[in-house]
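The structure appears below as structure tokens.
So you know, we letter chains A, B, ... as the sequences are listed, proteins then strands, and number each from 1.
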There are 4 protein chains.
Amino acid sequence: MEKRAKLTLKERQRQEREQFILQTAENVLMKKGYHHTSMDEIAANAGIAKGTLYLHFKSKDELVFALVEPKLYSFLNTVEEAKAYHGSSKEKLVFLIKKEMSGAFFQFVMKSYPDMASVFQGERGVQIQKVLSNIISGIIEIHEEGKAAKIFDSAIPTEMMANLFMNIFDPHVYSESVKNGKVSKDDFIRYVIKMYFQGIEK
Amino acid sequence: MEKRAKLTLKERQRQEREQFILQTAENVLMKKGYHHTSMDEIAANAGIAKGTLYLHFKSKDELVFALVEPKLYSFLNTVEEAKAYHGSSKEKLVFLIKKEMSGAFFQFVMKSYPDMASVFQGERGVQIQKVLSNIISGIIEIHEEGKAAKIFDSAIPTEMMANLFMNIFDPHVYSESVKNGKVSKDDFIRYVIKMYFQGIEK
Amino acid sequence: MEKRAKLTLKERQRQEREQFILQTAENVLMKKGYHHTSMDEIAANAGIAKGTLYLHFKSKDELVFALVEPKLYSFLNTVEEAKAYHGSSKEKLVFLIKKEMSGAFFQFVMKSYPDMASVFQGERGVQIQKVLSNIISGIIEIHEEGKAAKIFDSAIPTEMMANLFMNIFDPHVYSESVKNGKVSKDDFIRYVIKMYFQGIEK
Amino acid sequence: MEKRAKLTLKERQRQEREQFILQTAENVLMKKGYHHTSMDEIAANAGIAKGTLYLHFKSKDELVFALVEPKLYSFLNTVEEAKAYHGSSKEKLVFLIKKEMSGAFFQFVMKSYPDMASVFQGERGVQIQKVLSNIISGIIEIHEEGKAAKIFDSAIPTEMMANLFMNIFDPHVYSESVKNGKVSKDDFIRYVIKMYFQGIEK
DNA sequence: TATGAATGAGAATTCATTCAT
DNA sequence: TATGAATGAATTCTCATTCAT
């Protein structure tokens, strides 16, 4: 039992360190981008040796993937929650926007897609594609529902709606507005919602 | 006169080859991203030797810049035309959307910005920053005008409008919808316009 | 204390390896010249991988500089010692010759100066220029002193003397005579001294 | 006959152009050194196309060799003249010094030897070695003669004398003193002679 | 013959990954 | 297990040489 407890402790420490590495990597990656972030830099920022990174992650791409994957699942999860949300289709989408708006890393990944291409190759790519298509299906589903309920304009193809909806999460727009202190996060969300649902016309 | 014609011919050929290289590079870059595109690969795709690339462009960064710069100027130019367009603010923006919607490379560059950081360093960066800030100013100007004319919602900060407006040109959305043959280009534009100005609500 | 000892050991090993690389590089450089010596070749001769060179030296030019700099400082140091040497001006110069005659690399560098131009650019060049001008000044000083003491011929410009004096250290002459086993090092020095101070006439 | 005359004219023009190229190359090489002088640069300086260089010389090394070879032969020739010169051994050497002192390119080549190594490889190297050994033999011969005539110090090995004698022609010393306007060419020669034959002692 | 565009081998440098301690 | 030195494949860029016009 003593041994087991120790292992558990060790295991916990391992997990913690892994989370710490991922958090560090996220910060560096978002600041510098995938290619300008070296393993050396991640290690240095995490205060560990480069070799240690490889004890936790098989490769740079695996590390980045380990960073991306849970964000995608989390987003997918929110989509599922939104679908199950008790309210109108609009309220579902609003719920989704409110919950995910500051999850900039998700959109960061989407935008960096070409740069990170190698991360999404092979087996990993297949997984990601599945999650992404589930996300988009979920969003499409909510929009379809809204159309059926006659609250969304059925003249616009649902897929286009879904794609432009995803676009709302663009971290560039968010950071330009919020991080530069021009509007508060809450206001930003309010305006985005307004623009998406009613457009900019008076 | 004969000589002159020859020179002109040579020069023309040179320009054509240069355009061909740029076109090739654009295709490869958009598919693979800046860092995953090697000069070797561009050369191979263009069917020329690596050294030849360097006869036309001093460095990889210069090549990419040669690709980016005219697209940015062209976009800026369209913004100027839009400002001068005879019509309402909305009509101006519609004109802009119609003219630039398929210029995917512009947005590709915006998204790849961190990856391409070296391209926009030094003198080149200064130029680009000027053009970009002129573009955004122009777009802001048109939106302000629309607010003054009471056709746009003055409750939303103009900068946010401008940023979300720019986002419309995201190549991912465009290619997902148009390139995958789901809607025609014209329809795509029509729907985008509708969504931007009136939102998705019925 | 154990830890400290380890660190010291590591550091010492590092220094040793660095010295070994420099020694290897010196041999290759003197045989092949700056441009015909590739980093690959230095690495191969040192029995290490190319990348390892870059762990010790930021660039080829830094490596070569690391080779040149101490030799120059050592030469300058000997000049200072010579100036302070207790004896006549001639004895000072003799001291200098005896101490530095086999330091072939110094003259090698002087001869290879145009080839190595890039090594002596910028900050590095400034340092080197200072050392070189201190060396030549020192030698001029000793010669002036000899003239004042009426033991050197004041009809000959001191600068010319100094330049021809430096020329004595030409590695080609040294290796032709000593390395080919024609005369011993001591004899070589004796003859050089005789020729420099008394000429070849009987 | 008309045809022949034309050919001769052409041939003469060819020779002239070849000489012009060589002259141009010499200037550029002496200023920049072997490796920092590109074929492009030689062509540009000569006002012809790069391809044309290759109509005259099979390769860069051949071009440089064509530059070096006649200088060596000319030097050898002067050595022969010196040997046949009507006068004492000293007068023979003085004749040699006076005639060749400004032929800096010869010494430039000697100094640049490692840099130009490839020029003196293979068949070309063999030729050069022959000429060089003839030169050194001739100089040794004159010194031996001087020793036999008891005007040179027979305590010093003749080979060393010969090597140090060659060293007199070092272009660096020459240019430092003459080109910088510190002493006239004639004075420079006078001082060199004095130092070589009588040393610097009073 | 003269041209200069095209070629591609070769060199410096970087950095993800491995491995001895 | 943790370290960080060592590795070498991959990449950018240069320049002597070739070749189509």
Taking salt bridge (charged side-chain N to carboxylate O under 4.0 Å, His left out) as the test, write out the residues that go with D:K60, two or more places apart. none

Taking only residues two or more places apart in sequence or in another chain, which ones pass ring-ring contact (aromatic ring centres under 6.0 Å, His included) with C:H36? D:H35

Could you pull out all residues at least two apart from D:N27 that satisfy side-chain hydrogen bond (donor to acceptor under 3.5 Å, both in side chains)? D:Q23

Those residues that, when tested against D:K32, pass salt bridge (charged side-chain N to carboxylate O under 4.0 Å, His left out) (two or more places apart): D:E41

So the stems of DNA chain E, runs of at least three Watson-Crick or G-U pairs (under 3.5 Å), are E:2-21 with F:2-21

Output all residues satisfying ring-ring contact (aromatic ring centres under 6.0 Å, His included) with C:F120, sequence neighbours left out; order by chain, then residue number. C:Y113

Those residues at least two apart in sequence (or on a different chain) that pass side-chain hydrogen bond (donor to acceptor under 3.5 Å, both in side chains) with B:D40 are none

By salt bridge (charged side-chain N to carboxylate O under 4.0 Å, His left out), B:R14 pairs with (sequence neighbours left out) B:E18

Please list, chain by chain and in numerical order, all residues satisfying side chain to side chain contact (heavy atoms under 4.5 Å, CB included) with B:A49, sequence neighbours excluded. B:T52

With sequence neighbours excluded, residues passing side-chain hydrogen bond (donor to acceptor under 3.5 Å, both in side chains) with A:E69: none

Anything under 4.0 Å to a heavy atom of chain B counts; send over the first and last such nucleotide of DNA chain F, read 5' to 3'. F:dT12 to F:dT14

Using a 4.0 Å cut-off on heavy atoms, which residues in residues 47-61 of chain A reach DNA chain E? List them by number, or say none. A:K50, A:Y54, A:S59, A:K60

